[in-house]
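Labels below follow one simple rule: chain letters A, B, ... track the order of the sequence lines, proteins then strands, and each chain is numbered from 1.
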Amino acid sequence: MLFHQTESDLVRSARAGDRIAFAELLRPEYRTALRLACGLLQDIDEAEDAVQEAAFTAWRRIGNLHEGSSLRPWFLGIVANQCRSVKRSRWWSVTKAEPLEGEAPTADLEASIDLRRALRRIGHDERLVLVLRYYLDMPFEEIATTLGITPKAARTRVERAIHRLKPIMRVQGAAV
Amino acid sequence: MDEQTLFDRFHEALNMEPRPGAYERMRFALTNSPVVLKKRPAHPMRWPKMGLRVAAVLTAVVILIAFIAAFLASHHAVVGSVPAGQDPSVKAYQAMLKSEYGAMNAATSNNCNTIDDTGCLAALNKVTPALQHWVDHLGSTQTPSGFVVLDGQLRRHLNQAIKDLTAVGAYQRANNQKGFDFARSAAVYERAWIDPATFALEGTYPKVAGSYQDAVNLARQALEACINSTPAPADLACAHLSQQQTCAGAETRCETDVQAADTWLQTFLVGLTQNPAPSALATKGAKLLADLAQADTALLGITDALLSGDSAKADLGQGSFTTAILAAGADFSYM
């Protein structure tokens with residue numbers, strides 16, 4: 001690498017122990033990772049912490065990332081697992097349903113709160129596929145790569161998760 | 001509910017963006033923490049003992065992360081601007097930076113990965129003139145008053161990058177693997193320094209502190225930890241270098257410390273540039289910035305010495321670094 005930082009260059013340097021290269025590697029993925037964590041945890045502080053913890057985990061496991069393989073699904077998978085751990089460790093906490101920090105009041109605020117509440121009532125794996133699909137706008141192929149499943153299985157999981165979500169939303173009175 | 005409605009509903013319900021400085025906080029923690037790559041221990045300890053040690057290290061890391069995140073997040077400013085003021089030259093200066101950065105970036109290549117890379121020379125011949133052009137252009141452009149210190153350090157780092165890249169070529173021709181690896185690592189590091197500094201001067205870099213006082217406090221805590229020999233993990237590189245652990249025979253460790261300390265220092269330089277001192281503290285603020293810049297320059301001197309294999313000169317650089325860090329530490333007593 002000569003002043004040119006392609007992903008594979010950075011992966012190579014990171015695997016050789018270069019933390020700065022590793023941090024640079026995560027830079028383009030940070031926003032997506034944080035949005036994923038926000039979608040799963042619905043708390044910006046916890047999301048930031050989760051992504052940071054995931055970054056440390058990824059750093060410790062950088063040897064598992066093979067040259068030529070894409071960082072994004074690998075890292076997002078670690079972020080998702082980290083969020084699962086956060087959820088487990090705070091099972092006792094009171095879940096919040098108020099507007100997210102910085103959220104401007106809108107006519108659809110109630111509907112948004114209902115959706116967030118409904119998302120909290122389904123399982124982590126179902127929430128994960130829905131966030132990947134409908135919040136991060138991922139095609140089924142990318143969801144499949146992130147989860148290590150086939151595109152067909154990804155589609156099925158998304159459909160199943162929607163099927164789970166709908167009645168909860170309906171009970172809450174939100175239009176679905 | 002159709003697909004498009006689902007997309008819309010999810011975006012409305014979950015739409016959140018990273019707060020300013022979020023990535024930087026992670027980067028800072030990542031590059032300054034004691035977390036090491038996972039390796040099988042040479043002499044495996046019994047699990048309970050190892051578990052305790054791992055827990056202790058993890059606790060220290062979590063405390064560090066929480067401290068940095070709390071400090072920075074509690075002051076989460078939302079503007080990524082620099083103190084442009086009313087200076088009419090700011091826009092022209094920032095446009096020049098953007099143009100030169102773009103030209104440099106376009107001149108980079110994916111060569112010189114190894115000493116056997118035959119495209120190395122051509123790559124060097126392309127990127128080095130772009131860097132030199134940038135340095136020359138900076139020299140012929142009026143620097144806005146608020147940017148003088150960071151601009152000066154950017155020039156030094158650009159020049160260091162040119163030296164590193166020149167050394168890459170020389171070591172390749174000499175088939176000197178160790179020298180090649182060292183020079184290449186130094187060049188790659190310079191890119192990691194040049195990018196944030198450029199973006200900060202352009203006004204597109206996230207704010208690392210919410211106010212001048214926050215920026216001062218960030219630097220004060222780190223420098224005091226380094227100087228008082230009770231460094232947090234993030235301050236260890238500074239402590240190693242300022243406590244005169246000689247580079248002789250430990251060039252790799254020294255290089256790592258120099259790069260970590262330089263990233264550490266850059267955070268303070270950027271924070272203080274993004275948040276200009278109030279007029280009542282202008283003189284003292286200028287002195288602090290100058291001392292921090294002096295420390296950064298000393299680190300460049302160490303890199304230069306290591307590049308040429310001159311460990312005595314590297315030790316002198318460490319002396320200069322220590323002097324500058326102590327001077328910067330003393331500045332806080334007047335603020």
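Listed by first and then second residue, the side-chain hydrogen bond (donor to acceptor under 3.5 Å, both in side chains) pairs that reach into residues 139-149 of chain A are A/R72-A/E142, sequence neighbours excluded.
If you tally non-hydrogen atom pairs under 4.5 Å between each of A/R35, A/R31, A/R27 and chain B, the highest count goes to A/R27.
By the neighbour-count criterion of 12 heavy atoms within 6.0 Å, atom CZ of B/R155 is densely surrounded, having more than that number from other residues, nucleotides or ligands.
Exactly one residue among B/H11, B/E3, B/R9 makes a side chain to side chain donor-acceptor pair (under 3.5 Å) with A/Y134. That residue is B/E3. With respect to B/L14, the side chain to side chain contact (heavy atoms under 4.5 Å, CB included) criterion is satisfied by exactly one of A/V131, A/L130, A/L115, A/L40: A/V131.
A pairwise comparison of heavy atoms in B/Y23 and A/Y30 identifies N-CE2, 3.6 Å as the closest pair. Contact record, A/I20 with B/A192: CG2-CB, 3.3 Å, taken as the closest heavy-atom pair. The minimum heavy-atom distance linking B/F10 with A/Y135 is given by the pair O-CD1, 4.0 Å.
Taking CZ of A/R19 as the start and OG1 of B/T263 as the end, the distance is 11.0 Å to the nearest 0.5 Å. How far CD of A/Q52 is from CG of B/L30: 8.0 Å, rounded to the nearest 0.5 Å.
For A/L34, the part lying under 4.5 angstrom from a heavy atom of chain B is the side chain only.
In this structure, A/L26 and B/R27 have side chains that are not in contact, with every pair of non-hydrogen atoms separated by 4.5 Å or more.
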